[in-house]
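Input: a single structure, listed below in structure tokens.
Starting from 1, each residue takes its place in the sequence as its number. These values consider heavy atoms only, across backbone and side chains, with no hydrogens, waters or symmetry-generated copies.
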Amino acid sequence: MELGRLEYLQALVTEFQVTDSTGKKRRCSLALSVSSISSHARPFSFSLAEAKEQVLANLANFAYDPSNYEYLRQLQVLDLFLDMLTEDNETLVEFAMGGLCNLCLDKTNKEYILEANGVEPIINCLSSSNEETVVSAVTTLMFLTTPRSRAQTTALPVVECMLRFSLSANTRLSNLASIFLQDYCSPPQVEEARNLSKHTAVGIPLPKD
């Protein structure tokens, strides 16, 4: 049963790579043959981009289950998710960000993401126009905040961004940002960001409703 699960996840990763027509080299580089996934693969009647989105969504869903964490690390899916954060396809970014959000509650996964310099691309996702991506990015920054990483996860631009989000008409986003400011930022940090915001009109745009 467990072996079958690993093989299925391998098939998903390979399927994603087979449908990757961008030519961009991925850090995740499994060498499985296409024939090895024939018993698992589903027939696709849509474009390569849609196929990639479907497979990445499946991988992100598997990231919900802690029993899959070891397999996902073994298959370098965390690297794959991190790589996808810089894609132009907003749907791929959304699913990758959601997958990382699911994974980073685990201590080993958290440490891996931090060691892989994953905080910066996650922070960049705060500027996405996709609400789901932004919500996942804020939540992930919360989960990744440790005494060692706090200086980066609560850097001044991030705190400024959370101040703006806390004023959003989007209740889901404003509530999440308010929790971030209250639980993860010190009062001096919030005050500094608030004072700086008074003197600049530049900020991370709010996601579209």
For a quick test of your reading: what N or O donor-acceptor pairs under 3.5 Å do the side chains of residues 141-151 make, sequence neighbours left out?
from   : atom 1 : to     : atom 2 : distance (Å)
Thr145 : OG1    : Leu141 : O      : 2.6
Thr145 : OG1    : Thr153 : OG1    : 3.0
Thr146 : OG1    : Arg148 : N      : 3.3
Thr146 : OG1    : Ser149 : N      : 3.0
Thr146 : OG1    : Ser149 : OG     : 3.0
Ser149 : OG     : Leu144 : O      : 2.6
Ser149 : OG     : Thr146 : N      : 2.8
Arg150 : NH1    : Tyr184 : O      : 2.8

Counting only heavy atoms not in Asp183, do more than 12 fall under 6.0 Å of its CG? yes

If we ignore hydrogens and angles and just use 3.5 Å, is the side chain of Ser136 paired with the main-chain N or O of Thr133 as donor and acceptor? no

For the CG atom of Leu103 and the OG1 atom of Thr140, what is their distance to the nearest 0.5 Å? 9.5 Å

Between Ala60 and Phe95, the two heavy atoms sitting closest are CB-O, 3.5 Å

Considering all heavy atoms, the nearest Ala177-Ser166 contact: CB-N, 3.6 Å

Any donor-acceptor N/O pair, Glu160 side chain to Leu196 backbone, under 3.5 Å: no

Taking Ser174 for the side chain and Thr171 for the main chain, is one N or O donor matched with an acceptor at less than 3.5 Å? yes

Any chance you could lay out the side chain to side chain contact (heavy atoms under 4.5 Å, CB included) test for Glu131 and Leu173, step after step, and finish with the verdict? CA-CA 8 Å; Glu131 178 186 342; Leu173 182 59; 5.7 Å; no

Looking at CZ of Phe16 and CG of Asn58, how far apart are the two atoms once the value is rounded to the nearest 0.5 Å? 11.5 Å

In terms of side-chain heavy atoms, does Asn130 have a donor or acceptor partner in Ser128 at a distance below 3.5 Å? no

Looking at side-chain heavy atoms only, is the closest gap between Cys125 and Val93 below 4.5 Å? yes

What's the separation between atom CZ in Arg5 and atom CG in Asn68, rounded to the nearest 0.5 Å? 4.5 Å

Test: salt bridge (Lys or Arg N to Asp or Glu O under 4.0 Å). Region: residues 95-104. Which pairs qualify, not counting sequence neighbours? none

Indicate yes or no for a side-chain donor-acceptor contact from Asn102 to the backbone of Asn61 under 3.5 Å, with no hydrogens or angles considered. no

Please enumerate all residues that pass salt bridge (charged side-chain N to carboxylate O under 4.0 Å, His left out) together with Glu70, with sequence neighbours excluded. Arg73

Should Tyr71 and Val77 be marked as a side chain to side chain contact (heavy atoms under 4.5 Å, CB included) after you check the CA-CA gap, both sets of side-chain angles, and the distance that decides it? CA-CA 9 Å; Tyr71 301 139; Val77 172; over 6 Å; no

Please identify each residue that fulfils ring-ring contact (aromatic ring centres under 6.0 Å, His included) with Phe62, with sequence neighbours left out. Tyr8

Is the shortest side-chain heavy-atom distance between Phe81 and Ile113 below 4.5 Å? no

Hey, what do you get for CG (Leu80) to CG (Leu56), rounding to the nearest 0.5 Å? 6.5 Å

Salt bridge (charged side-chain N to carboxylate O under 4.0 Å, His left out) against Glu191, all qualifying residues, sequence neighbours excluded: Arg194

I need the minimum non-hydrogen distance between Met162 and Leu181, along with the two atoms involved. CB-CD2, 3.7 Å

Drop me the distance from Ser178's OG to Leu163's CG, to the nearest 0.5 angstrom. 9.0 Å

Can you tell me how far CD of Gln74 sits from CG of Leu9, rounded to the nearest 0.5 angstrom? 10.0 Å

Start with the C-alpha gap between Ile122 and Met97, add the side-chain angles, then the distance that decides, and say whether side chain to side chain contact (heavy atoms under 4.5 Å, CB included) holds. CA-CA 8 Å; Ile122 292 169; Met97 193 64 258; 4.0 Å; yes

How far apart are the closest heavy atoms of Cys185 and Val190, and which atoms are they? CB-CG2, 3.9 Å

Leu100 and side chain to side chain contact (heavy atoms under 4.5 Å, CB included): which single residue from Asn109, Leu82, Thr139 fits? Leu82

If you compare all heavy atoms of Gln152 against all heavy atoms of Glu120, which two are closest, and at what distance to 0.1 Å? NE2-N, 3.9 Å

side-chain hydrogen bond (donor to acceptor under 3.5 Å, both in side chains) involving Glu53 - partner list, sequence neighbours excluded: Asn89

Show, in sequence, the C-alpha distance, side-chain angles and deciding distance for Asn170 and Phe165, and conclude whether the side chain to side chain contact (heavy atoms under 4.5 Å, CB included) test is met. CA-CA 8 Å; Asn170 184 321; Phe165 287 169; over 6 Å; no

